[in-house]
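Here the structure is laid out as structure tokens; the discussion comes afterwards.
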Amino acid sequence: MSGRQSGRPTLEQVAARAGVGRGTVSRVINGSPRVSERTRTAVDRAVAELGYVPNQAARALAGSRTDAIALVIPEAEARLFAEPYFLDLMRGVGAELAEADKQLLLTLVRSERERRRFEQYLAAQRVDGVLLASVHGDDPLPDRVRDLGLPVVMNGRRTEAEPVPYVDSDNIGAGRAAVAHLAGRGRSRVATVTGPLDMYVARARLGGYRAGLAEAGLPPDEALVEAGDFTEEGGRRAMRLLLDRRPDLDAVFAASDVMAAGARGVLREAGRRVPEDVALVGVDDSPVARLMDPPLTSVRQPIEEMGRSMARMLLQDIARAPEEPRRQVLPTELVVRASS
């Protein structure tokens, strides 16, 4: 017996025979360099055993460029348009892609159902690559995109040992600079409002905060640490809890300007003057920082440049498959204003 099946074999049958995904079979058939020699051999063997004949029209379509790039943000619309961070990031990505004559497709993925639907969209090869922002530690989407054979670049990372290419800012340095500044102003009971700790960016800024305390000779105190969620309301909730536990605190490092704005409101309601009673520092150096009363000291990260760098890295990876995942960390800078 030849092992060939009656009827025309399908791409799915080839994938099952080779023990790989449908997208991998498609990449091998279309000559993609993003496949190991071992995988290519397994797929070629399955094609021969099943007598699979590719659809030439589909191959021509799959081999062409769409000139479209997807920017995926796993957040609700309310947060997307309320936070200057995302707008600045989109501005940088959009500017770089426009210069390369590429179309930007903004996609919000807010549920498991939407993630599966987006994966199906990607499997249909409707974009040339994917940019991911605001990724949490347990998010499988970056790996799923790579499994589909599409180039992907992340804004930030999930862990210190992130295997997917990314562009990040020096978040540990941001926390250290904030605490060093506050300690230098004579503050000794420095609290922090972190981001959600399932995100590397939040853990890194918290790590920088702790390193800054150690370098300033200040003792660590977990009562001065409270988790937020990068929203204004999250900053308010965290600030209330910190004041309840440590009413004697004299400084706060908030892991975003938006959370610092929430903390500022609670401090005012509690009758605490900024900076006389409590000094306040945020991160992002967004318009929120400049418009606060008093203007907020903030650690500037080059958000728009991160967007541009992500887009450049992705376009380079589309043009030629890199041998190793690429990583870029951009510097941050403390901008001192009246809040500290």
Side-chain angles (χ1 to χ4, degrees), residues 23 27 32 34 61-111 113-136 139-158 162 164-169 199 201 230 284 286-287 301-322 325-330:
R27 293 197 299 278
S32 169
R34 297 176 179 276
L61 178 62
S64 65
R65 295 282 186 225
T66 67
D67 288 333
I69 302 297
L71 172 60
V72 184
I73 301 178
E75 300 289 351
E77 294 95 329
R79 186 177 172 211
L80 173 67
F81 294 109
E83 293 198 24
Y85 180 91
F86 294 120
L87 300 179
D88 286 345
L89 189 72
M90 286 189 288
R91 185 179 298 111
V93 168
E96 194 69 26
L97 293 182
E99 292 175 7
D101 292 326
K102 302 295 183 183
Q103 182 179 6
L104 172 61
L105 302 178
L106 176 62
T107 303
L108 304 185
V109 176
R110 296 150 295 190
S111 67
R113 180 171 175 268
E114 289 184 348
R115 184 182 61 75
R116 290 196 302 268
R117 188 166 58 199
F118 180 64
E119 288 177 13
Q120 293 170 355
Y121 181 85
L122 295 180
Q125 299 178 329
R126 293 174 177 170
V127 298
D128 294 334
V130 177
L131 299 168
L132 295 172
S134 192
V135 178
H136 292 250
D139 194 329
L141 188 55
D143 301 312
R144 300 286 176 83
V145 175
R146 289 209 308 173
D147 289 345
L148 289 169
L150 283 169
V152 56
V153 175
M154 294 170 53
N155 172 226
R157 43 189 147 161
R158 294 169 294 180
E162 177 60 61
V164 175
Y166 64 79
V167 176
D168 203 356
S169 63
M199 299 182 73
V201 58
F230 287 137
D284 286 338
S286 66
Q301 55 174 343
I303 302 170
E304 189 168 333
E305 179 54 34
M306 280 197 289
R308 279 188 168 271
S309 295
M310 289 169 61
R312 278 196 298 269
M313 186 180 292
L314 184 69
L315 293 173
Q316 291 166 2
D317 290 354
I318 290 170
R320 59 182 186 280
R326 294 192 291 159
R327 304 167 179 87
Q328 184 177 7
V329 178
L330 301 180

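Just so you know, these numbers come straight off a predicted model, no measurement behind them.
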### Message
Ignoring hydrogens, what is the shortest heavy-atom contact between V329 and S169? Give both atom names and the distance.
### Response
CG1-C, 3.7 Å
### Query
Can V152 and L132 be said to form a side-chain contact (heavy atoms from CB on, under 4.5 Å), step by step?
CA-CA 7 Å; V152 56; L132 295 172; 3.8 Å; yes
## Note on the structure
Sorted by chain and number, sequence neighbours left out, side chain to side chain contact (heavy atoms under 4.5 Å, CB included) with E114 holds for V109, R110, S111, R117
#### Entry: Least distance between heavy atoms, L150 atom then G129 atom
CD2-N, 4.4 Å
### Set of residues satisfying salt bridge (Lys or Arg N to Asp or Glu O under 4.0 Å) with respect to R327, sequence neighbours excluded
none
#### Entry: Spacing of D168 atom CG and E162 atom CD [to the nearest 0.5 Å]
10.0 Å
### Task
Grab the two heavy atoms, one from G94 and one from L104, that are nearest each other, plus how far apart they are.
CA-CD2, 4.1 Å
#### Entry: Flag, side chain of Q301 to backbone of I303, donor-acceptor distance under 3.5 Å
no
### Task
Take V145 and M154, measure what side-chain contact (heavy atoms from CB on, under 4.5 Å) needs, and give me the verdict at the end.
CA-CA 11 Å; V145 175; M154 294 170 53; over 6 Å; no
#### Entry: Test side-chain contact (heavy atoms from CB on, under 4.5 Å) applied to F230 and S134, step by step
CA-CA 11 Å; F230 287 137; S134 192; over 6 Å; no
### Value rounded to 0.5 Å, distance of CG in L89 from CE in M306
6.5 Å
### Query
E119: what forms a side chain to side chain contact (heavy atoms under 4.5 Å, CB included) with it, not counting sequence neighbours?
R115, L141, R144
## Note on the structure
Residue set satisfying side chain to side chain donor-acceptor pair (under 3.5 Å) with Q328, at least two apart, ordered chain then number -> none
### Message
side-chain contact (heavy atoms from CB on, under 4.5 Å), that's the test. Do V93 and M90 meet it? Break it down for me.
### Response
CA-CA 5 Å; V93 168; M90 286 189 288; 5.7 Å; no
### Query
Taking side chain as C-beta onward, heavy atoms only, is V72 less than 4.5 Å from V130?
yes
### Task
Supply the atom-to-atom distance R113 CZ to R116 CZ, rounded to the nearest 0.5 angstrom.
8.0 Å
### Partners meeting salt bridge (Lys or Arg N to Asp or Glu O under 4.0 Å) with D143 (sequence neighbours left out)
R158
### Message
Between D128 and I69 (side chain of the first, backbone of the second, donor and acceptor by atom type, cut-off under 3.5 Å), is there such a pair?
### Response
no
### Message
With a 4.5 Å cut-off on side-chain heavy atoms, are D284 and P84 touching?
### Response
no
### Query
Among M310, M313, R157, whose side chain to side chain contact (heavy atoms under 4.5 Å, CB included) with Y166 holds?
R157
### Message
I need the N155 CG to Y85 OH distance, nearest 0.5 Å.
### Response
3.5 Å
### Task
Go through the steps to decide whether E99 and R312 satisfy the test salt bridge (charged side-chain N to carboxylate O under 4.0 Å, His left out), and finish with yes or no.
CA-CA 10 Å; E99 292 175 7; R312 278 196 298 269; over 6 Å; no
### Task
Starting at CD1 of I73, measure out to CG of L106 and round the result to the nearest 0.5 Å.
5.5 Å
### Query
Measuring from L122:CG to T107:OG1, what's the distance to the nearest 0.5 Å?
8.0 Å
### Query
What residues form a side chain to side chain donor-acceptor pair (under 3.5 Å) with Q103, not counting sequence neighbours?
none
